[in-house]
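The structure appears below as structure tokens.
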Number of protein chains: 2
Amino acid sequence: MPPQRKGASESRGGKREQLVSAACGLFHQQGVAATTLADIADRSGVPLGNVYYYFKSRDDIVAAVVGARSREIQDLGALLEKRHRSPKARLKALVSMVADQREAITAYGCPYGTLCADLVSPHDDSSRSLAAGLMQSLVAWTEQQFQEMGRRDARALALELVALYQGGAVVASALGDPDVLAQQARRMQRWLDSIEA
Amino acid sequence: MPPQRKGASESRGGKREQLVSAACGLFHQQGVAATTLADIADRSGVPLGNVYYYFKSRDDIVAAVVGARSREIQDLGALLEKRHRSPKARLKALVSMVADQREAITAYGCPYGTLCADLVSPHDDSSRSLAAGLMQSLVAWTEQQFQEMGRRDARALALELVALYQGGAVVASALGDPDVLAQQARRMQRWLDSIEA
DNA sequence: GTCTATAAAACGATAGAC
DNA sequence: GTCTATCGTTTTATAGAC
């Protein structure tokens, strides 16, 4: 077994986490299918053959990356809940963060959206459910904010907000134009303002 | 040179077109990076080695597919212009077609959007400009419709409509739920209705 | 636990017979 | 023009020394 459980010697070098972190970045920049184990090993400073000490297959790394991205969403949600009292303020802060990161998103697309798209392509069932779970993480947090606003149509509103973001990310990255995403973020802010609590 | 120019013996079997057609479908279903030349050759009924009689490299096939998808957009635009007099009716008909094809779009994503995303991933310049050109084809036709409606903000409106579509496609395919796309199409119809000519 | 070496298969691309 | 056979490389995955 790798570095025991998540106890003491977990981060002795934390090579497993380094591998996941490197894979996260490479999957975002190059796509899942185009990223090789050698790429991940190189960036992690781990010898190629040693990767199989931490993961039993390539698909295992993909699953670990999806888990990491999902936790990333949870953490971001928790941060926003700590920083802002009202759910609407949280959603507006989220959109504001998107606008701030428009350069990175334009360069490589939304980290969550492109990962989901890469996981949908193989018509493998287990891969598709990973994509569904990841997207659901994003929608679920958004939905909860609308629920706390007292909206019965929270799910529909959440799907709309996430779709607005994903659409902006796809078009902006395809055109290579961050202004598209900035404009879309402004639209999202206005749309949020128009939602009655 | 392959089958001469685009003259008489162009479609003697039309194997080049069969290859492009097969690649179109496979790129949509599996993604560009995950599709091998053997996949394309198999589906085309062309021997693997023979692919290089029609294309000098794999990248050449990718470029040909982008060209075919771009022509597809032109043809669809021309069809809508023939069928509907007013630009608004054309846009509404386009959204209606999206709703009708929601099953296929949910299964594999938007053929144009996912192709663009696959072309953005390699930080290769020529690949990125292919993505930009393809997305621009989609936006340009939409923009022209808004222009014919007399709108000065035609570009912004076009970007918004395309982003609404792409966002719906990403979320629907990630969740594997066609209803998300159907709902999004209804929103797009209402949004179009609210646009003053 | 960590690393090197390498097996086994898949892939892009080429050569050359017909 | 069409097809088969194959080269050289890359990629996933394993074996085994330390």
Side-chain angles (χ1 to χ4, degrees), chain A residues 1-23 26-27 29-65 118-119 121-124 126-127, chain B residues 1-23 26-27 29-66 118-119 121-122 124 126-127:
Chain A
M1 280 111 208
Q4 271 84 334
R5 47 195 160 178
K6 301 209 169 177
S9 70
E10 143 198 28
S11 54
R12 286 290 163 271
K15 297 205 178 176
R16 198 191 136 100
E17 287 155 32
Q18 277 177 253
L19 284 164
V20 172
S21 171
L26 286 165
F27 286 177
Q29 290 168 15
Q30 308 180 341
V32 174
T35 299
T36 69
L37 293 179
D39 290 336
I40 298 170
D42 275 3
R43 186 181 279 206
S44 308
V46 170
L48 174 58
N50 208 355
V51 171
Y52 288 90
Y53 177 75
Y54 300 98
F55 300 95
K56 75 175 209 301
S57 77
R58 187 183 187 279
D59 284 347
D60 247 46
I61 300 182
V62 174
V65 165
D118 285 353
L119 291 168
S121 297
H123 50 284
D124 173 48
S126 68
S127 189
Chain B
M1 284 106 209
Q4 273 86 334
R5 48 196 162 176
K6 301 209 168 176
S9 70
E10 146 200 24
S11 56
R12 286 291 163 271
K15 297 205 179 176
R16 197 191 136 99
E17 288 155 32
Q18 277 177 252
L19 284 164
V20 173
S21 171
L26 286 165
F27 286 176
Q29 290 168 17
Q30 309 181 341
V32 174
T35 299
T36 69
L37 292 179
D39 289 336
I40 298 170
D42 275 2
R43 187 181 278 206
S44 308
V46 170
L48 174 58
N50 207 355
V51 170
Y52 288 89
Y53 177 74
Y54 300 98
F55 300 94
K56 75 174 209 301
S57 77
R58 188 184 186 277
D59 285 346
D60 248 45
I61 300 183
V62 173
V65 165
V66 173
D118 285 353
L119 292 169
S121 298
D124 172 49
S126 68
S127 189

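Proteins come first, then strands; the chains are lettered A, B, ... in the order of their sequence lines, and each starts at number 1.
Out of C/dA13, D/dT12, D/dT2, the shortest distance to the side chain of B/Leu37 is found at C/dA13. The side chain of B/Thr36 lies closest to C/dC11 when the candidates are D/dT2, C/dC11, D/dT12. Among D/dA13, C/dG12, C/dT4, the nucleotide with an atom closest to any side-chain atom of A/Pro47 is C/dT4. Counting only heavy atoms from C-beta on, B/Leu48 has its side chain closest to C/dA13 among D/dG1, C/dA13, D/dT12.
At C/dG12, none of the side-chain N or O atoms of B/Lys56 fall inside 4.0 Å of OP1 or OP2 (strictly under the cut-off). Under 4.0 angstrom from either OP1 or OP2 of D/dC3 there lies at least one side-chain N or O belonging to B/Asn50. For A/Tyr52 and D/dA13, the shortest distance from a side-chain N or O to OP1 or OP2 is below 4.0 Å. The side chain of A/Tyr53 places no N or O atom within less than 4.0 Å of a non-bridging phosphate oxygen (OP1 or OP2) of C/dT2.
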Q. Going through the checks in order, is the side-chain contact (heavy atoms from CB on, under 4.5 Å) test met by B/Phe55 and B/Leu19?
A. CA-CA 10 Å; B/Phe55 300 94; B/Leu19 284 164; 4.0 Å; yes
Practice task
Go through A/Val20 and A/Tyr54 one step at a time and tell me if the side-chain contact (heavy atoms from CB on, under 4.5 Å) criterion holds.
Solution key: CA-CA 10 Å; A/Val20 172; A/Tyr54 300 98; over 6 Å; no
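In this structure, A/Arg16 places its CZ atom 13 Å from P of C/dG1, rounding to the nearest Å. Taking atom CZ on A/Phe55 and atom P on D/dA13, their separation rounds to 13 Å, with Å as the unit. Summarising the geometry, the separation between OH on A/Tyr54 and P on D/dT12 is reported as 19 Å, rounded to the nearest angstrom. When rounded to the nearest whole Å, the span between CG of B/Leu19 and P of D/dC3 equals 11 Å. One can place CG of B/Asp60 at 13 Å from C1' of C/dG12, the figure rounded to the nearest angstrom. When rounded to the nearest whole Å, the span between CZ of B/Arg58 and P of D/dT10 equals 16 Å.
Residues A/Ile40 and A/Val51 fail the side-chain proximity criterion, which asks for heavy atoms closer than 4.5 Å. B/Val32 has its side chain within reach of B/Arg58: a pair of non-hydrogen atoms, C-beta onward, lies under 4.5 Å apart.
Note that the OG atom of B/Ser121 and the CG atom of A/Leu26 stand 12.0 Å from one another [nearest 0.5 Å].
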